[in-house]
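The next block holds one structure in the form of C-alpha cells; read it before the comments.
Throughout, protein chains are lettered first and strands after them, A, B, ... in sequence-line order, and every chain is numbered starting at 1. Given the structure is predicted, the values throughout are model-derived calculations rather than measurements.
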Protein chains: 2
Amino acid sequence: MSGQAVTLADVALAAGVHPSTVSRVLSRPQLIGEPTRTAVHEAVARLGYVPNRAARQLAGGRVGSIGVLVPDITNPFFAQIVRAVQQGCRDAGQTMLLADTDQRADEELSGARALAGSVDGFVVCSPVADMKGWRSVVGDTPLVLVNRRANGISSVALDQRAIVELGVQHLRDLGHRTIGVVRGPTAYWSSRERDRVIRTLDGITVLGPVAPDFQAGIALAAELMASSVTGVLAFNDVQALGIMAGYRAAGRSVPHDLSVVGSDDIAAGAMSDPPLTTVTAPVQQLGVTALQLIEQLIAGGGATDEVSLPVSLTIRRTTKAAARGAGTHLARRGEPQ
Amino acid sequence: MSGQAVTLADVALAAGVHPSTVSRVLSRPQLIGEPTRTAVHEAVARLGYVPNRAARQLAGGRVGSIGVLVPDITNPFFAQIVRAVQQGCRDAGQTMLLADTDQRADEELSGARALAGSVDGFVVCSPVADMKGWRSVVGDTPLVLVNRRANGISSVALDQRAIVELGVQHLRDLGHRTIGVVRGPTAYWSSRERDRVIRTLDGITVLGPVAPDFQAGIALAAELMASSVTGVLAFNDVQALGIMAGYRAAGRSVPHDLSVVGSDDIAAGAMSDPPLTTVTAPVQQLGVTALQLIEQLIAGGGATDEVSLPVSLTIRRTTKAAARGAGTHLARRGEPQ
DNA sequence: TCGATTCGTGCAAGCGTTTGCACGACGGTC
DNA sequence: GACCGTCGTGCAAACGCTTGCACGAATCGA
C-alpha cells in the first residue's frame, strides 16, 4: 500500500527489459542504449520507483549515506556545519547519519564503530581521539577531518594563525599594549595550533587553558580584571560572552574596561549587548568543503587534501581604542611595536 | 582488512552452531538454550561482531534506525531535542538519521520520502506540511510529532496554554496592565494553539504574527514603543532578544521601559544582558519522550498517545514591577482584574 | 567479404540477515 | 512402554539490488 512497494523488477517488467538493465540505467547510464534508457526512465517515473537503500548497500554498491560526528550539536558552530553538510547531502541524494559524541574520545570511536559499514564515508568534526584509534575503527572507509589535521588524512580547517593574528592585530591597531589571548583545551587541535602561533608573537599575555564555555568565561573575567590586560582575544564567542557577563556582574563594562574579541561569529554574538567583535569563520564553507572532500574520496580520487579556510574580522562594539594611560606600564617595558 | 569483515556466519562457525541460531540469540534470546546462548555471546564478543544494518533491514527485520526531521538544526531549541534523541538512540543501539527541512513543507515531505524505508520510524519536529501529505509519504511507518498535534498520531508537545498563562500571569503579578502577547507564524501548530489560549484571556494586546527570529523582534520593538504595552510575552527567546536589541538601539531599556518574557529558555537567553526572564521548556524531555513514543510504536504498542509537557517560569532580569503610572489609562478603561 | 572489435543486454551469483518450517531429543502421562 | 507435547536447533528461502560474465548483433578495417 505504501513504503517501498515498487521494486527494480517491477520497473523492468513495465519497461520490458531485464532488471539488471534497469539497474545499469540508474547507476551507469552510459552503458545502456538511448532508446532503452528513455523507456526505463519513463517506467521509473510512472511507477514512482525509489531504490531500496539496504538492498543497494548489501549488493556492494554505494550506501548513499555519509556519517557525521560532532562533539556537540547544541553548539551553534557545529550545528551550522551539520546543516551545510546535510543540505549538500540532500542535493546529492545522499542521507546523513549524525552522531553526537559529547566531546568524549570513547563516544567518538564507538559512534564511528556503530556507523562503520552503514556509510560511504565519515566527516568528523574536531575529533579528540587519537588517529590510531580512528584508523582502526574506520579501516579504509574514507574519512575527512574538520578542524583537525593529521598526516595522510584529508581535512579542512580554519586558518588558526590568521585567527590569532587578526584578533591581536585589531587590538594593537586600537592602541592596546597589554593583550591577552586565551588558550583552549589542549585536547583540541585548534588549541594546540593557536598555541604554536601565540608563541611566535611578542608581547602577548597568555591565559588559560580555559574551557570554551560561558561559565569558564565568567570565571576568567575575574582573572582578567586583576591583570593589566586591556584587550583580549577569547578562544571562541561563547567564552567571550562569558567574559562580558563576568565584567558586567562585577560592575565593569565592555568595551570600556576591556576590549573583547571573540572567534567563530555565532548568532548569539551579534545579538549580545554590546554586539561582539569577532573573528568570523566561514562555517558554512567548512561543511561544504568537507562534503566535497569526502565525495571526492568516495569517488576514488585518492589524493588526500588539506584545505585551509580564511577567516575575517567582524568589528562590532566590544572593542574600542585603548584609554590613554592604559597599558602604559607595559609599553614602557614591552615592545614598541 | 576491516570495515565489517566479520559476519554472522563467522560467529556461527566460531561458536559451532548454525547462523540462524546466532541470529536468534541476538534478536530473541529466550528461544535459545542457555549453554548455546553464552557460547554465542562469547564468540560475538571475541570476534567483535557488529550486525550489518543493510542485511538486517533487507531481511525484513528492524532497521535499527530512526529518522528525525527538524525545521532548523541551527535553532538551539531543536538542536537540544536532536541531542536528546540521539543520546537515547545511542543507548538503545540505534542510529539516527537527521534531515533539516529548512522549515519548508516540500522539504519536509521529500526528506521523509528519502528516508522512508530506511528507518523504523519518524520523529518530526514542528512540521508544517499537512497531515495528509505526511500520511501518504510515510505510509504505515510509525510516526511521532513533536510540538504539533494531529488526530490519531502520537505526539508530544509543550503545554501552550501554560506558556501563555505563566507569562501573562507573571507580568500581571508585577502590576502590568497593558500586556502584549506576540503571535507566531500561523503555519505552526504552537502558534495556532497559543492564539486559541489568548482569545480566552482578557485585556491582552495581541501582536503579530511576527516571525520567531531576531530581526523580526527588532522590528517589533518599534511597534511596541509606539504602543502602551508595558510588558510583553514574546513567541520565543530569540524574538525576545530581538525586542531587547530594538529597545537598546532606540536608547530605551529593558526592563525599565518594557518587561520582556521569552519562551523556550535557550542558552543565549541566560547569557544576554540583562538575562532573559522566560518560560522554560523541558526541551530535553521533549526529545526523550518522543523517542519513547516512537520506540513503543515500533515495538507494536499501537496506541497513539498525546503527551503534554509542563513548562515553568524562570525569572531573571528582563521583567520588573510596572511603574506607578504606567498602564493607568488602560486600567481605567480595562478590566479591573 | 570475412575476422576482429565494440556495443547493448540478459543471466545468475551473490551480499548478510531473518524467519517459517521441519526434525530429533527429551520428559511426562496413561 | 508407546505416545504426545515441548523445546532447541538446523535448513533454506527470501529480501532488492549490483556486477562479472557471456552472448548475439552491429560495425569497422583490410
Side-chain angles (χ1 to χ4, degrees), chain A residues 2-41 43-44 47-65 93 114 116-120 298 300, chain B residues 2-41 43-44 47-65 93 95 116-120 298 300:
Chain A
S2 80
Q4 186 57 38
V6 32
T7 78
L8 236 201
D10 298 329
V11 177
L13 205 61
V17 298
H18 194 271
S20 63
T21 303
V22 178
S23 170
R24 279 189 265 261
V25 168
L26 265 30
S27 46
R28 280 180 325 224
Q30 69 283 11
L31 291 185
I32 299 296
E34 168 56 28
T36 319
R37 210 187 309 168
T38 42
V40 168
H41 276 135
V44 165
L47 271 55
Y49 168 71
V50 180
N52 180 312
R53 285 201 130 64
R56 176 172 284 183
Q57 169 174 6
L58 194 52
R62 294 277 175 66
V63 182
S65 54
S118 318
V119 298
D120 290 326
I298 292 172
Chain B
S2 84
Q4 187 58 35
V6 34
T7 79
L8 238 201
D10 297 330
V11 177
L13 205 62
V17 298
H18 194 270
S20 62
T21 304
V22 178
S23 171
R24 278 188 266 262
V25 168
L26 264 29
S27 46
R28 282 183 321 232
Q30 69 281 12
L31 291 185
I32 299 296
E34 169 56 28
T36 318
R37 208 187 310 168
T38 41
V40 169
H41 276 136
V44 165
L47 271 54
Y49 167 71
V50 180
N52 181 312
R53 289 206 126 67
R56 174 172 287 183
Q57 168 174 8
L58 192 53
R62 294 276 176 65
V63 182
S65 54
T95 67
S118 318
V119 298
D120 291 326
I298 292 171

Once you round it to whole Å, what is the distance between [atom2] of [N] and [atom1] of [X]?
X: B:Tyr49; N: C:dT18; atom1: OH; atom2: P; value: 6 Å
X: B:Glu34; N: D:dC7; atom1: CD; atom2: P; value: 16 Å
X: B:Leu47; N: C:dG16; atom1: CG; atom2: P; value: 14 Å
X: A:Arg53; N: D:dC15; atom1: CZ; atom2: P; value: 21 Å
X: B:Leu13; N: D:dT9; atom1: CG; atom2: P; value: 17 Å
X: B:Arg56; N: C:dT19; atom1: CZ; atom2: C1'; value: 14 Å
X: B:Leu31; N: C:dC21; atom1: CG; atom2: C1'; value: 14 Å
X: A:Ile32; N: C:dC7; atom1: CD1; atom2: C1'; value: 10 Å

Any A:Ile32 side-chain heavy atom under 4.5 Å of A:Thr21 side chain: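 They are in side-chain contact.
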Result of checking B:Val40, B:Leu26, B:Asp10 against B:Tyr49 for side-chain contact (heavy atoms from CB on, under 4.5 Å):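 In the set B:Val40, B:Leu26, B:Asp10, the residue that makes a side-chain contact (heavy atoms from CB on, under 4.5 Å) with B:Tyr49 is B:Leu26.
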side-chain contact (heavy atoms from CB on, under 4.5 Å) partner of B:Arg56, the single match among B:Ser23, B:Ser27, B:Pro51: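 With B:Arg56 as partner, B:Ser23, B:Ser27, B:Pro51 yield a single side-chain contact (heavy atoms from CB on, under 4.5 Å), made by B:Pro51.
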Please determine if a side-chain N or O atom of [X] lies less than 4.0 Å away from the OP1 or OP2 oxygen of [N].
X: A:His18; N: C:dC11; answer: yes
X: A:Thr21; N: C:dG10; answer: yes
X: B:Ser23; N: C:dT17; answer: no

Taking the minimum atom-to-atom distance to the side chain of [X], which one of [options] wins?
X: A:Arg24; options: D:dT18, C:dT17, D:dG20; value: D:dG20
X: B:Thr7; options: C:dG16, D:dG10, D:dT19; value: C:dG16
X: B:Ser20; options: D:dG10, D:dT9, C:dG16; value: D:dG10
X: B:Leu58; options: C:dT17, D:dC15, C:dC11; value: D:dC15
X: B:Thr36; options: D:dC11, D:dG8, C:dG10; value: D:dG8

Backbone of B:Glu34 reached by a side-chain donor or acceptor of B:Thr38 within 3.5 Å: yes
Minimum heavy-atom distance between B:Ala12 and B:His18, given as atom pair plus value: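 So the minimum-distance heavy-atom pair works out to CB-C, 3.8 Å.
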Contact nearer the 5' end of DNA chain D, comparing B:Pro19 with B:Ala59: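 Result of the comparison: B:Pro19.
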Sugar-phosphate only, base, or nothing, as touched by A:Arg28 at under 4.0 Å among non-hydrogen atoms: sugar-phosphate
